[in-house]
Chemist: 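Sharing a structure with you now.
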Amino acid sequence: MQIIREPRVTLLARQEFMYPPHIQWESDSEVPGEVVAEFAGRLCYLSFGEDAGLEGGHKSIPGRTTNEAYLGNILQVKHGSVLEHAVWTLLLEGVSRSLTHELIRHRAGFGFSQLSQRYVDESNIAFVLPPEITDGSRAFELWSEGCEQALECYRDLLDELTDQVGDSGSPTMRKKRARQAARAILPNCAETKIVVTGNARAWRHFMESRGSGGADMEIRRLAGSVLRMMHVEASNIFSDMHLVPSPDGIPTIETQHGKV
């Protein structure tokens, strides 16, 4: 039986920014998500600079000179709508079904595509060890025994249901009918995989809420992994969010610009 102790976060996609040829302006950032957020904010006030060459008789007013300074002000004044233009897609693996039940509640600004237990045979499924359970403890023994029993029961139940379904329907439908019933025996700690696309504002909200000290420890751990990636991806948007050590060993997330 495979036991997973840490999530895996993989970047799948980031956007591309294409400068409009009729506006003579350029950001000092090379991160498309940071550039599109800055551009969107500047458009609201036409703050591209005096030489922007805007059409329609508009006179551009001066703006901050750096992307870091501009987005820093965006965070400070909580003009979070412009951050919705910056988008990243992540592959999350090694997370539990329990975690994704919480994750998919974050509907605004997110898109989800999750592994199906109806179409996929889970006979060799892994289980995610809850962070509260320590290896070698009595709690670990009880948890692992329960997972092993559930896995064996799933396999036996799947065989029984496959025979019960027989030759009724297409091969795909027969497999789905057996698997959708057998999955009922699997625990919440069953491992799953999910593709998540979110804009910067949505990712910030996820990390702020799920990275708090009162959040479930597994999803808090995931929020920390996502933040580490976002620090690399777009520091001007996420650098105000910090990992803070916690007594339980899983850092919390704090920011001076909450609810942007």
Chemist: Determine the sole option in Y70, Y19, F48 for which the ring-ring contact (aromatic ring centres under 6.0 Å, His included) test with F39 is passed.
Modeler: F48
Chemist: Do we see a donor-acceptor contact under 3.5 Å between the side chains of T255 and E208?
Modeler: no
Chemist: Ring centroid separation for F206 and H106, is it under 6.0 angstrom?
Modeler: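 Aromatic pair counts; centres sit under 6.0 Å.
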Chemist: Evaluate the side-chain contact (heavy atoms from CB on, under 4.5 Å) criterion for residues I237 and E34: first the C-alpha distance (whole Å), next the side-chain angles of each, then the deciding distance (0.1 Å), finally the verdict.
Modeler: CA-CA 7 Å; I237 295 178; E34 293 178 345; 4.0 Å; yes
Chemist: Counting N and O atoms only, with roles assigned by atom type, does the side chain of R201 sit under 3.5 Å from a partner on the main chain of E84, one being a donor and the other an acceptor?
Modeler: no
Chemist: Determine whether I74 and W88 fall in the same hydrophobic cluster, where Ile, Leu, Val, Met, Phe, Trp and Tyr are linked whenever their side-chain heavy atoms lie under 4.5 Å apart.
Modeler: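 Yes, one cluster joins them.
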Chemist: Start with the C-alpha distance between S96 and E218, add both sets of side-chain angles, then the distance that settles side-chain hydrogen bond (donor to acceptor under 3.5 Å, both in side chains), and finish with yes or no.
Modeler: CA-CA 8 Å; S96 70; E218 185 193 356; 2.7 Å; yes
Chemist: Please check if the side chain of K78 supplies one atom and the backbone of G258 the other of a donor-acceptor pair under 3.5 Å.
Modeler: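 Side chain of K78 to backbone of G258, a donor-acceptor pair under 3.5 Å: yes, one is there.
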Chemist: Looking at R220 and I250, would you say the former's side chain and the latter's main chain have a donor-acceptor pair under 3.5 Å?
Modeler: yes
Chemist: Determine whether a donor-acceptor pair (N or O, by modelled atom type, separation under 3.5 Å) exists between the side chain of S246 and the backbone of G249.
Modeler: no
Chemist: When you measure from the side chain of R8 to the backbone N and O of L91, does any donor-acceptor pair fall under 3.5 Å?
Modeler: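 Not a single qualifying donor-acceptor pair exists.
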Chemist: For the pair W203 and F110, name the ring-plane relationship: parallel under 30°, tilted 30 to 60°, perpendicular over 60°.
Modeler: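 Rings of W203 and F110: perpendicular, as their planes differ by over 60°.
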Chemist: Examine distances only and state if a side-chain atom of Q117 and a backbone atom of L186 form a donor-acceptor pair shorter than 3.5 Å.
Modeler: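 No, Q117 side chain to L186 backbone: no donor-acceptor pair under 3.5 Å.
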Chemist: Main chain of Q180, side chain of R183: is a donor-acceptor contact present, judged purely on distance under 3.5 Å?
Modeler: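 At least one qualifying donor-acceptor pair exists.
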Chemist: Using 4.0 Å as the upper bound for N to carboxylate O, is an ion pair formed by R221 and D248?
Modeler: no
Chemist: Can you classify the ring geometry of F140 versus W143 as parallel (below 30°), tilted (30 to 60°) or perpendicular (above 60°)?
Modeler: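 F140 vs W143 ring planes: tilted.
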Chemist: So which of H101, E93, Q114 actually passes side-chain hydrogen bond (donor to acceptor under 3.5 Å, both in side chains) with T192?
Modeler: Q114
Chemist: Please check if the number of heavy atoms outside I185 that lie under 6.0 Å from its CD1 is greater than 12.
Modeler: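 No, the 6.0 Å shell around CD1 holds no more than 12 heavy atoms from other groups.
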Chemist: Name all residues meeting the side chain to side chain donor-acceptor pair (under 3.5 Å) criterion together with K175; count only those two or more places apart in sequence or in a different chain, and write none if there are none.
Modeler: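 Side chain to side chain donor-acceptor pair (under 3.5 Å) list for K175, sorted by chain: empty.
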Chemist: Looking at A190, is its backbone amide N or carbonyl O close enough to the side chain of R97 to form a donor-acceptor pair, meaning the two atoms are under 3.5 Å apart?
Modeler: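 No: the side chain of R97 does not pair with the backbone of A190.
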Chemist: Closer than 3.5 angstrom, by distance alone: can the side chain of Y119 be matched with the main-chain N or O of K176 as a donor-acceptor pair?
Modeler: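 Answer holds: no.
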Chemist: Under a 4.0 Å threshold between the charged nitrogen and the carboxylate oxygen, would E16 count as salt-bridged to R14?
Modeler: no
Chemist: What about I219 and V95, same hydrophobic cluster or not, with Ile/Leu/Val/Met/Phe/Trp/Tyr joined at side-chain heavy-atom distances under 4.5 Å?
Modeler: yes
Chemist: Calculate, to the nearest 0.5 Å, the distance between atoms CD1 and CD belonging to I3 and E191 respectively.
Modeler: 13.0 Å
Chemist: Donor-acceptor pair, distance only, cut-off 3.5 Å: does the side chain of D28 make one with the backbone of N67?
Modeler: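 Answer holds: yes.
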